[in-house]
Amino acid sequence: MLSPLDPIALQRLLDQVAADAPSHFGEGKVADYIPALAEVPPDGFGIAICDVQGNVYSAGDGGKAFSIQSISKVINLVIAMQRLEEDDIWTRVGREPSGQAFNSIVQLEVEKGVPRNPFINAGAVLITDILVSRIMSIHWVLREQARRLAGNPDINFDARVARSEMDHKARNASLAYLMKAYGNLQGNVDEVLDLYFHGCALAMSCVDVARAFAFLANRGVSPLDGSVVLAPHKNRQLNALLLTCGLYDAAGDFAWRVGLPGKSGVGGGIVAIVPGQMSICVWSPRLDTYGNSVAGLRALETLVNGLGVAPLG
Ligand code: DON
C-alpha cells in the first residue's frame with residue numbers, strides 16, 4: 001500500500017492519473033441544459049488533494065476555475081448546519097437517497113413536497129429557502145463561506161452562469177412551486193432560486209474545492225486555519241449524507257467503485273472525502289447520463305486504488 005502522506009509518490013500518482021485522463025475524453029457530454037455551461041471546452045481535466053495537514057497536491061488543470069454547480073449544495077448545507085437548529089432543517093427535508101435523477105419531480109409530488117435529501121435539486125432549493133428566510137445578506141455570507149473555507153479571497157460568482165440558469169429556470173422553478181403548493185417552501189420563488197443559482201455559479205478550482213472540503217476529512221476542523229467548521233457529530237452526519245446521497249441515483253455505484261463520501265456537479269467537478277486523511281477534487285466537463293463527470297469518476301477509481309485508501313474496509 002502506498003502511503004498517502006508520501007509527497008513524491010502522491011504527486012507521481014496524480015501526474016499519472018492526469019496523464020491517463022485524455023483516454024476518456026471521447027465519453028459523455030457537457031451539460032447543455034444550462035447554455036453557459038455548454039460553452040465550456042469539453043476536454044479538460046484537473047485534480048487536487050488537500051491532506052489533513054493542509055498540504056496541497058495537484059495535477060493537470062487543478063488550478064483552473066470551473067462552475068462548482070451542485071457541489072455548492074454542500075456549502076449551503078454547512079451554513080444551515082452551523083447556524084440553525086436541527087429541527088429547522090430536518091423537519092423540512094429528508095436524509096434518504098432518492099434513487100431518482102437529481103432534478104426529478106416525480107417523488108416530490110408523491111411525498112407531498114418534502115424532498116428526500118438536501119442534495120437533489122428540490123432539497124437544495126429548500127435549504128436555500130431556509131437560508132434566505134433566516135440569514136441577512138445571505139449571498140455575501142455564501143461567498144464568504146466559500147472564500148474562507150478555501151482560503152482564497154478571490155473566489156466569486158460567475159454572473160453569466162447564474163444569469164443563464166435563471167433564464168432556464170423552468171424545471172427548478174417547478175420544483176420550488178410544487179414545494180410552495182405543499183407549504184414547505186415559504187419564500188419568494190425567484191429570490192430563493194437566485195441564491196440557489198448563485199451558489200451553483202461559484203467558480204472554484206480543484207485546489208479551492210479540495211482545500212474548502214478538507215475539514216470533512218478532519219473531524220470538522222479546517223486544516224488551513226484550525227477553525228471548527230462543524231462539530232464532530234455534525235461532520236460525521238454530513239459525510240454519511242454525502243456517501244448515501246451525494247451522487248444521486250448513482251450514489252450506490254459510486255460507493256461500490258470509489259467507497260468514499262462524495263458530491264458531484266454538472267460543471268464536471270466531483271469532491272470526495274477520505275476521512276482522517278484527505279479531500280480530493282477532480283474536474284472534467286463531460287458527464288454520464290446521471291450528470292456525473294466520466295473522466296472524474298475514472299480518475300477517482302484509479303486514485304483510491306493507487307493510494308490503497310479504503311475507509312469502508
Ligand atoms: O440546478 C441545476 O440543475 C444545476 N444548477 C445543478 C445540478 C447539478 O450540478 C447536478 N449534479 N450533478
Side-chain angles (χ1 to χ4, degrees), residues 28-40 65-77 93 97-106 108 115-129 142 146 157-179 185 189-190 192-204 209 213 241-242 244-254 258 261-272 281-297 300:
K29 73 183 194 42
V30 172
D32 55 8
Y33 73 102
I34 302 169
L37 290 186
E39 294 165 16
V40 174
F66 63 91
S67 189
I68 69 166
Q69 292 296 314
S70 284
I71 295 173
S72 66
K73 295 168 178 175
V74 187
I75 303 178
N76 284 335
L77 183 58
V93 59
S98 67
Q100 308 267 323
F102 63 86
N103 56 3
S104 172
I105 199 167
V106 176
L108 194 61
R116 271 288 171 106
N117 68 66
F119 298 143
I120 52 172
N121 284 13
V125 168
L126 203 277
I127 295 291
T128 52
D129 177 52
L142 171 60
F157 303 118
D158 182 331
R160 272 193 67 245
V161 173
R163 182 77 256 161
S164 182
E165 295 210 50
M166 192 54 109
D167 289 345
H168 295 81
K169 67 182 177 185
R171 183 169 274 271
N172 284 315
S174 66
L175 297 171
Y177 277 113
L178 187 57
M179 291 189 286
L185 188 142
V189 166
D190 274 351
V192 171
L193 290 179
D194 187 65
L195 177 64
Y196 170 74
F197 292 142
H198 273 83
C200 293
L202 279 166
M204 296 171 71
V209 173
F213 285 75
L241 263 186
L242 289 167
T244 51
C245 309
L247 273 82
Y248 315 109
D249 44 343
D253 197 53
F254 186 71
V258 178
K263 184 77 211 76
S264 59
V266 292
I270 307 174
V271 61
C281 181
V282 290
W283 165 77
S284 189
R286 287 183 191 263
L287 309 177
D288 62 19
T289 52
Y290 298 97
N292 301 322
S293 170
V294 175
L297 285 169
L300 280 172

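Atoms within each ligand, like the ligands themselves, are counted from 1 in listed order.
Taking the salt bridge (Lys or Arg N to Asp or Glu O under 4.0 Å) definition, one finds that R171 meets it with nothing, sequence neighbours left out. Taking the side chain to side chain contact (heavy atoms under 4.5 Å, CB included) definition, one finds that V294 meets it with E27, D288, sequence neighbours left out. In this structure, the side chain to side chain contact (heavy atoms under 4.5 Å, CB included) partners of P118, at least two apart in sequence or on a different chain, are L77, W90, V93, I127, L241.
Within 4.0 Å of ligand 1, counting heavy atoms only, the contacting residues are Y33, I34, Q69, S70, F102, N121, E165, N172, Y196, C200, Y248, S264, G265, V266, G291.
Comment: R160 engages E39 in a salt bridge, judged by a side-chain N to carboxylate O separation of less than 4.0 angstrom.
For the residue pair K263/Y248, the side-chain donor-acceptor check at 3.5 Å is satisfied.
Note: F102 and Y33 have tilted aromatic rings, judged against thresholds of 30 and 60 degrees for the angle between ring planes.
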